[in-house]
Amino acid sequence: MSPAAQGRHPRHALAPLLSSPVRLSIVAALAPVDKAEFGYVRDLVEITDSVLSKQAAALEEAGWVVVAKGRVGRRVRTWLSLTDEGRSGYRRHLAALRAIAGLPDPE
């Protein structure tokens, strides 16, 4: 059986969930932190509230992101954080991209 038939190409390790540049950007913004405020992620990724809400909901439904609401003073705030599954899926996705590009693994 040829390597192609066995599915050895690194593209097979890419996360379909991250095929959207917006979702990839959101996950990348969350990867280095424990949690981030909704407005911070929105501004960093340069998207609207509605786009972030929709994409965060898709990531939450997939089990990659937790959306938590709370209060700061009298104001309601929303925080986003990656789950362990989301964090490991993101790492696998980056490793697959590096392998496709022929770049060394930094670890």
Using the salt bridge (charged side-chain N to carboxylate O under 4.0 Å, His left out) rule, collect all pairs that involve residues 62-79, keeping only residues at least two apart or in two chains.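 Found none.
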Is it the case that one hydrophobic cluster holds both [X] and [Y], taking links as side-chain heavy atoms less than 4.5 Å apart, direct or via other members?
| X | Y | result |
| --- | --- | --- |
| Leu24 | Leu103 | no |
| Phe38 | Val67 | yes |
| Val41 | Val66 | no |

Distance from Asp43 atom CG to Glu37 atom CD, nearest 0.5 Å?
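Here the interatomic distance stands at 9.0 Å.
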Heavy atoms only: give me the nearest [X]-[Y] pair and the separation to one decimal.
| X | Y | answer |
| --- | --- | --- |
| Leu17 | Leu59 | CD2-CD2, 3.6 Å |
| Ser81 | Asp34 | CB-O, 3.0 Å |
| Pro10 | Ala96 | O-CB, 3.4 Å |

Query raised in the report: Which other residues belong to the hydrophobic cluster containing Trp79, where Ile, Leu, Val, Met, Phe, Trp and Tyr are joined when side-chain heavy atoms lie under 4.5 Å apart, directly or via other members?
Result: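 Cluster partners of Trp79: Val72.
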Quick one: side chains of residues 48-58, donor-acceptor pairs under 3.5 Å with protein atoms, not counting sequence neighbours, listed by atom name and distance.
unit_1	atom_1	unit_2	atom_2	d
Thr48	OG1	Ser50	OG	3.2
Thr48	OG1	Val51	N	3.2
Asp49	OD1	Arg42	NH1	2.8
Ser53	OG	Asp49	O	3.1
Gln55	OE1	Arg23	NH1	2.8

### Task
Sequence neighbours left out, what passes side-chain hydrogen bond (donor to acceptor under 3.5 Å, both in side chains) with Ser25? Give chain and number order.
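Checked Ser25 against side-chain hydrogen bond (donor to acceptor under 3.5 Å, both in side chains); zero matches.
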Is it the case that the side chain of His93 and the backbone of Ala15 share a donor-acceptor pair, with hydrogens and angles ignored and the cut-off at 3.5 Å?
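Judged by distance alone, yes, a pair lies under 3.5 Å.
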Less than 4.5 Å apart, any side-chain heavy atom of Lys35 and any of Leu30?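 SC-SC contact between Lys35 and Leu30 ruled out.
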* Find out whether Ile26 and Leu44 are in side-chain contact, i.e. whether some heavy atom of one side chain is under 4.5 Å from a heavy atom of the other. =>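 No; the side chains remain at least 4.5 Å from each other.
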Going by side chain to side chain contact (heavy atoms under 4.5 Å, CB included), name the residues that satisfy it together with Val33, two or more places apart in sequence or in a different chain.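 By the side chain to side chain contact (heavy atoms under 4.5 Å, CB included) rule, Val33 matches Ala36.
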Side chain to side chain contact (heavy atoms under 4.5 Å, CB included) involving Glu85 - partner list, sequence neighbours excluded
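Residues passing side chain to side chain contact (heavy atoms under 4.5 Å, CB included) with Glu85: Trp64, Thr83.
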